[in-house]
Each structure stands twice: as structure tokens, then as C-alpha cells.
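Per chain, numbering begins at 1; letters A, B, ... match sequence-line order. What's counted below: heavy atoms across the whole structure, side chains too, no hydrogens, waters or symmetry copies.
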Amino acid sequence: MEEEFKHRVYTLIGSIPIGFVATYGQIAKLAGSPRHARAVGYLLKNLPMDSALPWYRVINGQGKISFPEDSEKFQEQQNRLLAEGVKIVSGKLSLKVYQWR
DNA sequence: GATTTGACTCGCT
DNA sequence: CAGCGAGCCAAAT
């Protein structure tokens, strides 16, 4: 695996401000590989749970959490986001995609 | 070293 | 406007 890619992905995710989120594709692109959105997900999947990385700020291209609503993972991610200041509008999470400006 | 898998996307129906 | 399908490509087995 390319260590550099991984490192950039982790760094980028870590740099997402509170109250914002980013998409897998965006992370992959900024990490240097526009077509590796899935690899990003893969990396997050095998993250150690003791990691301080805000993986829950990463969502899919549709601005949603990439888990079925009934799954525990979904619940946890949503809760963490809510705890970070994300609000609910019209029953949906008000997710603002970070733009690395 | 080949095969399967997936926390993705985009485009067409 | 929601749903489905095919493309993509690294990581894991």
C-alpha cells in the first residue's frame, strides 16, 4: 500500500473543521488520487477504534452517511456529528461540506 | 499473482 | 426526482 497516500488521507481528515464534513471522493482527490474514493473508505474501515481520527466527518458524494440507517455504525456516526455541533434541518442532518479553500 | 470486495461516483432510465 | 447499473481502482485474501 502507498504509505504516503494513507498519511495524506489521515492528515486531511484530521484537518476537517468541527461542524463540517468531507466526501470520500474529495479526500481521495486532495490526497493525490481522484479515483480512489473507495480506498479512502477502506482505510477508514480498518482504523483502530482508539484512533483520534474524526472518521465520522467523512461522508459519501450524496452528502449522506454511507451506512444503512438501522446500523449501529450509522447511529454512532450521526451521534458523534450531532455532538460536534451539526444540527438537524427538516429531519435531516445539516452537513456542510468542507472546501479546503 | 489472480480474484474478490467495497464506509464511492456518476450517468442513464 | 428516485432507482439501478456499470465503471473505477486500491486493498485484502
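Residue A/Gln99 qualifies as enclosed at atom CD: its count of foreign heavy atoms under 6.0 Å is above 12.
Side-chain contact between A/Leu43 and A/Trp55 is absent, with no heavy atoms from C-beta onward closer than 4.5 Å. Two residues are said to be in side-chain contact when any heavy atoms from C-beta on lie closer than 4.5 Å; A/Lys64 and A/Leu95 fail this criterion.
In this structure, A/Phe74 has no ring-ring contact (aromatic ring centres under 6.0 Å, His included) partners at least two apart in sequence or on a different chain.
When rounded to the nearest whole Å, the span between CG of A/Leu43 and P of C/dC9 equals 17 Å. With rounding to whole Å, A/Phe5 atom CZ is found 10 Å from C/dC9 atom C1'.
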**Footprint string (nucleotides 7-13 of chain B, 5' to 3'): B base within contact, S backbone only, - free, heavy atoms under 4.0 Å** = BBS----
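Once rounded to the nearest 0.5 Å, the distance linking CD1 of A/Ile13 with CG of A/Leu47 reads 7.0 Å.
Side-chain nitrogen and oxygen atoms of A/His36 include at least one within less than 4.0 Å of the OP1 or OP2 phosphate oxygen of C/dA10.
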